[in-house]
Student: 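Just dropping this structure here.
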Amino acid sequence: MNNRYQVLRCGRLYDGVTDEWKTGQSILVDGSRIAQVGTEVTEPDGAQVIDLSDCQVTPGLIDAHMHMDYFDWHTIREEVYSQSEEAKTLAIARCAEKALRRGFTTVRHVGGITSNSYGVLDVKRAIEKGYLKGARILAAPMFLCSAGSHGDLSQGFAGNPALSTILQNQRITLGSGRDFFVNAVREQVKYGSDFLKIMATGGFFTPNDTPIQQQLNDGELEAIITTAHELGKTVTAHVYTNELMQKLISFGIDGMEHGSLMNRETATLMEEKDIYLVPTFCPYEEAVHYDPEEIKKKQPEFRRKLELYKDALQAGREVICSSRIRLGYGTDFVANHQNYESGYEYEAWINSGMTPFSALRAATSTNAGILQISDQIGTIEPGKCADIAGWKRDLMTDAKALLDCGFVMKGGEIYRTESCL
């Protein structure tokens, strides 16, 4: 057998370029790259032929909003302070492998929830060198945040100021003032961050803040964005409110995460400026499609805020789904699924009235553009990395189809799959 070449015979093919299923397609893989795609491809002597005629074939999928540094969402709060940084790095490596085996060949780590180190970059490099098996990683190891903010998990110990201060000081990108954040950006870039992540507002997961608070001042936000751009890096922000989203647009932000409370005016600005949004639908599903029994399964502060903001979340979801914003696919699983179970977000898109192709496009070619590696991945075209997934459930009719990967290849190498079901 010729180990260099593989021919994949597809049932139906979505190439990430056009919103259609192509039939009778084959893919010739030459080493780690796609060499040919079409109804008639060269089959070199001895090439390995892989029958995917019972699969819907897509590019390897991309999760653009992941926190990889915990083992189990049920114990995530305990893991923040009960686990060593070495253990958290092991959790990242485990997440990368499990995501890959579920058809997500690339993931974007948008800051550590439990970790306060550069372990994600060590895992990223180990995977790139072939020492570990796992999804390709792009990462912002630490988010930039302020005391008492959504990024300050020591706020849970605010009743004990001495202890809370010690824990707060362990988060090295937590601070205040333009000079602090200018230097924090420089350090993150120095150590290998692929992009910068701002915790601009409060959130739903943390106990003592709210999604409508601005948690860095205008000068700090502008300094972060300007410095990152000077160093050739993009910036995204955890943000919910219209006022702050519009400020960030005026400061030149590249993209945003969540945006769940946005109105039509904000959506129009994002469309005009071509600013991407990774809306992370799934964590708010119980409020958007109101289910009080499911809400009860979340942490107390999450439950309280979902109930309080459910009407605004429902209105924001309608705006996002009817917009022309460049939408990415990302999960942000910290309170309802394991971080590697990225297929659950697909069901949230479908339940929100989005088409299967809009979700698949977001998880492939759009996300590749957000990650700035569309020259390498995101579509099935000659010259691209051979990142390919196969699905035996019908993606057009089954909202749970992305939970059950039947085939996965990354860089021309085939991996054993695992199901979320």
Side-chain angles (χ1 to χ4, degrees), residues 1-18 22-63 93 96-108 121-139 192 194 360 363-392 405-418:
M1 181 177 290
N2 189 332
N3 293 325
R4 173 177 170 178
Y5 295 107
Q6 299 173 85
V7 177
L8 281 59
R9 294 177 177 164
C10 309
R12 291 192 289 167
L13 174 67
Y14 169 69
D15 58 14
V17 180
T18 57
K22 298 179 179 180
T23 58
Q25 301 285 301
S26 293
I27 305 167
L28 173 63
V29 175
D30 181 351
S32 64
R33 297 278 170 174
I34 296 168
Q36 297 177 23
V37 184
T39 55
E40 295 183 11
V41 302
T42 304
E43 294 194 11
D45 290 342
Q48 181 184 9
V49 176
I50 300 164
D51 183 9
L52 299 179
S53 59
D54 61 345
C55 289
Q56 293 174 329
V57 177
T58 70
L61 301 187
I62 305 166
D63 186 336
E97 180 173 5
K98 285 186 166 292
L100 173 62
R101 296 192 187 283
R102 284 158 175 77
F104 284 76
T105 55
T106 302
V107 298
R108 178 175 176 247
L121 298 181
D122 294 321
V123 175
K124 170 186 174 175
R125 293 166 187 143
I127 290 171
E128 290 172 348
K129 293 177 180 178
Y131 299 142
L132 297 177
K133 298 181 186 301
R136 182 182 296 101
I137 298 173
L138 282 90
D194 293 300
L360 292 172
T364 55
S365 54
T366 299
N367 270 356
I370 289 171
L371 274 57
Q372 296 190 301
I373 51 173
S374 55
D375 60 326
Q376 302 175 47
I377 65 169
T379 59
I380 296 178
E381 297 179 282
K384 296 288 184 74
C385 290
D387 286 16
I388 300 165
W391 314 88
K392 295 190 177 182
C405 183
F407 172 85
V408 65
M409 169 185 283
K410 176 191 161 214
E413 184 174 350
I414 299 170
Y415 295 87
R416 177 177 56 82
T417 60
E418 292 178 356

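Because the structure is predicted, anything quoted here is derived from the model rather than measured.
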Student: For E43, check side chain to side chain donor-acceptor pair (under 3.5 Å) against everything at least two apart and list the hits.
Tutor: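 Counting only residues at least two positions away or on another chain, E43 forms a side chain to side chain donor-acceptor pair (under 3.5 Å) with R9.
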Student: With a 4.5 Å limit on heavy-atom distance, are the side chains of L8 and V57 in contact?
Tutor: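 No - every pair of side-chain heavy atoms lies 4.5 Å or more apart.
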Student: Heavy atoms only: give me the nearest A135-V107 pair and the separation to one decimal.
Tutor: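 Result for this residue pair: CB-CG1, 4.1 Å.
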Student: Measure the CD1-CD1 distance between I34 and I377 for me, rounded to the nearest 0.5 Å.
Tutor: 11.0 Å
Student: If I take atom CG from residue L371 and atom OG1 from residue T106, how far apart are they, to the nearest 0.5 angstrom?
Tutor: 7.5 Å
Student: Kindly give the heavy-atom pair with the smallest separation between G60 and T364, and that separation in Å.
Tutor: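 Residues G60 and T364, closest heavy atoms: O-CG2, 4.4 Å.
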Student: Nearest 0.5 angstrom please: R102 CZ to T417 OG1, how far?
Tutor: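 Nearest 0.5 Å value for the CZ-OG1 distance: 9.5 Å.
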Student: What heavy-atom pair brings V123 and A93 nearest, and what distance separates the two atoms?
Tutor: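 It is CG1-CA, 3.8 Å.
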Student: Which residues satisfy the side-chain contact (heavy atoms from CB on, under 4.5 Å) test with E128, sequence neighbours excluded?
Tutor: K124, R125
Student: Sequence neighbours left out, what passes side chain to side chain donor-acceptor pair (under 3.5 Å) with S365? Give chain and number order.
Tutor: none
Student: Identify the two heavy atoms, one from A35 and one from P382, that lie closest to each other, and give their separation to 0.1 Å.
Tutor: O-CB, 3.5 Å
Student: Determine which pairs satisfy salt bridge (charged side-chain N to carboxylate O under 4.0 Å, His left out) with at least one residue from residues 23-35, sequence neighbours left out, and list them in order.
Tutor: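 Every salt bridge (charged side-chain N to carboxylate O under 4.0 Å, His left out) pair that includes a residue of residues 23-35, provided the two are not neighbours, is R4-D30.
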Student: Checking E97 now: which residues fulfil side chain to side chain donor-acceptor pair (under 3.5 Å) with it, not counting sequence neighbours?
Tutor: R101
Student: What is the minimum heavy-atom distance between P59 and I380, and which atoms define it?
Tutor: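 For P59 and I380, the tightest heavy-atom pair comes out as N-CD1, 3.6 Å.
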Student: side-chain contact (heavy atoms from CB on, under 4.5 Å) with T58: which residues, sequence neighbours excluded?
Tutor: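 If we apply the side-chain contact (heavy atoms from CB on, under 4.5 Å) test to T58, skipping adjacent residues, the hits are Y14, W21, L61, A389, W391, L395.
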Student: How long is the span from the CD atom in Q376 to the CZ atom in R136, to the nearest 0.5 Å?
Tutor: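 Reported to 0.5 Å precision, the distance equals 6.5 Å.
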Student: Tell me every residue that passes side chain to side chain donor-acceptor pair (under 3.5 Å) with S53, counting only those two or more places apart in sequence or in another chain.
Tutor: D51
Student: Within the structure provided, determine whether V29 and M409 are in side-chain contact (heavy-atom separation under 4.5 Å).
Tutor: yes
Student: When you measure from the side chain of K384 to the backbone of S374, do you find a donor-acceptor pair of N or O atoms at a distance under 3.5 Å?
Tutor: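 At least one qualifying donor-acceptor pair exists.
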Student: Measuring from C405:SG to K392:NZ, what's the distance to the nearest 0.5 Å?
Tutor: 10.0 Å
Student: List for me each residue that meets side-chain contact (heavy atoms from CB on, under 4.5 Å) alongside T105, sequence neighbours excluded, and say none if there are none.
Tutor: L100, D387, V408, K410
Student: With rounding to the nearest 0.5 Å, note down the distance linking CD1 in I388 to CG in L52.
Tutor: 8.5 Å
Student: If you look at every heavy atom in V41 and G38, which pair is closest and at what distance?
Tutor: CG1-N, 3.7 Å
Student: Sequence neighbours excluded, which residues qualify as side-chain contact (heavy atoms from CB on, under 4.5 Å) partners of T18?
Tutor: D15, E20, K22
Student: Under the side-chain contact (heavy atoms from CB on, under 4.5 Å) rule, what do Q25 and V37 come out as? Steps first, then yes or no, please.
Tutor: CA-CA 7 Å; Q25 301 285 301; V37 184; 4.0 Å; yes
Student: Taking the side chain from T379 and the backbone from V17, do they hold a donor-acceptor pair closer than 3.5 Å?
Tutor: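 Side chain of T379 to backbone of V17: no pair is present.
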Student: Could you walk me through whether I414 and F407 pass side-chain contact (heavy atoms from CB on, under 4.5 Å), step by step?
Tutor: CA-CA 8 Å; I414 299 170; F407 172 85; 3.9 Å; yes
Student: Quick check: does any side chain N or O of Q6 sit under 3.5 Å from a backbone N or O of I50, one acting as donor and the other as acceptor?
Tutor: no
Student: Mark yes or no for whether Q36, through its side chain, and T42, through its backbone, hold a donor-acceptor pair below 3.5 Å.
Tutor: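 Yes; at least one donor-acceptor contact below 3.5 Å.
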